[in-house]
Amino acid sequence: QVQLVESGGGLVQAGASLTLSCAASGRIFSNYAMHWFRQAPGKEREFVAGISRSGASPKYADSVEDRFTISRDKDKNTVSLQMNSLKPEDTAVYYCAAKWGIFAGTSEDGMNYWGKGTLVTVSS
């Protein structure tokens with residue numbers, strides 16, 4: 001089992017920055033590629049960013065490319081999402097997810113573990 005706990009969500013104005021963090025415990029963190037997904041009100045959950053278990057090869061959704069950065073700290077067993085230039089359309093519940101294996105995926109179907117989410121609200 002891997003337990004994932006997200007933190008860092010909140011209410012910000014458009015153009016602001018916010019950093020989300022996901023703390024992992026349980027099975028060996030380094031065996032899992034890590035991801036962020038989000039679900040906006042009334043919409044399907046969607047892929048945001050992923051990073052391989054080595055910390056290389058980050059992947060991003062087109063909508064967040066060049067604004068968001070995913071990173072992981074193997075010593076602290078955490079994965080972070082630095083979000084810059086936030087837009088109202090970034091408003092969503094953000095979920096951390098773990099997938100056993102080397103490389104990150106983009107489909108929620110491939111994820112093994114999920115956190116409960118943290119809400120990010122961006123006002124215009």
Of all heavy-atom pairs linking M111 and K99, the shortest is SD-CB, 3.9 Å
- Query: Would you say the side chain of L20 lies within less than 4.5 Å of the side chain of E6, judging by non-hydrogen atoms?
  - Reply: no
In this structure, CG of N31 is separated from CG of N112 (nearest 0.5 Å) by 11.0 Å
* Co-membership, hydrophobic cluster, residues V120 and F37, 4.5 Å side-chain -> no
Handout entry: Whether over 12 other heavy atoms sit under 6.0 Å from W114 CH2
Key = yes
Output for pair (I51 CD1, S80 OG), nearest 0.5 Å, gives 9.5 Å
Around E65, counting heavy atoms of other residues, nucleotides and ligands shown, do more than 12 lie under 6.0 Å from its CD? yes
**Asked** Do R38 and E46 meet the salt-bridge criterion of a basic N to acidic O distance under 4.0 Å?
**Response** yes
Report yes or no: does Q13 contribute a side-chain atom to a donor-acceptor pair with the main-chain N or O of S123 at less than 3.5 Å? no
**Prompt:** How are the rings of Y94 and F68 set relative to one another: parallel (under 30°), tilted (30 to 60°) or perpendicular (over 60°)?
**Reply:** tilted
### Query
Short question: side chain of T91, backbone of V122 - any donor-acceptor pair under 3.5 Å?
yes
OG of S25 to CD of Q1, rounded to nearest 0.5 Å, is 10.0 Å
field: Any Y60 side-chain heavy atom under 4.5 Å of D66 side chain
entry: no
Heavy atoms of W36 and L81 approach each other most closely as NE1-CB, 3.6 Å
- Task: Please answer whether the main-chain N or O of W100 pairs with a side-chain N or O of Y113 as donor and acceptor at a distance below 3.5 Å.
- Result: no
Value for OG (S71) from CE (M34), rounded to nearest 0.5 Å, stands at 11.5 Å
Q. Is L4 close to Y95 at the side-chain level, that is, under 4.5 Å between some pair of heavy atoms?
A. no
CG of D73 to OG1 of T78, rounded to nearest 0.5 Å, is 4.5 Å
Closest non-hydrogen atoms of A14 and P88, given as atom of the first, atom of the second and distance, are CB-CD, 4.1 Å
task = With the side chain counted from C-beta on, respond yes when R72 and R53 share a heavy-atom pair under 4.5 Å apart, and no when they do not.
result = yes
- request: Determine whether V64 and V12 fall in the same hydrophobic cluster, where Ile, Leu, Val, Met, Phe, Trp and Tyr are linked whenever their side-chain heavy atoms lie under 4.5 Å apart.
  value: yes
Between the CD atom in E89 and the NZ atom in K43, the distance rounded to the nearest 0.5 Å is 8.5 Å
**K59 vs T106 side-chain heavy atoms within contact, under 4.5 Å** = yes
Any heavy-atom pair between the side chains of R67 and S85 that's under 4.5 Å? yes
Subject >> H35 side chain vs F47 backbone, donor-acceptor pair below 3.5 Å >> reply: no
What one should report as the nearest heavy-atom pair of N84 and S17 is OD1-OG, 2.9 Å
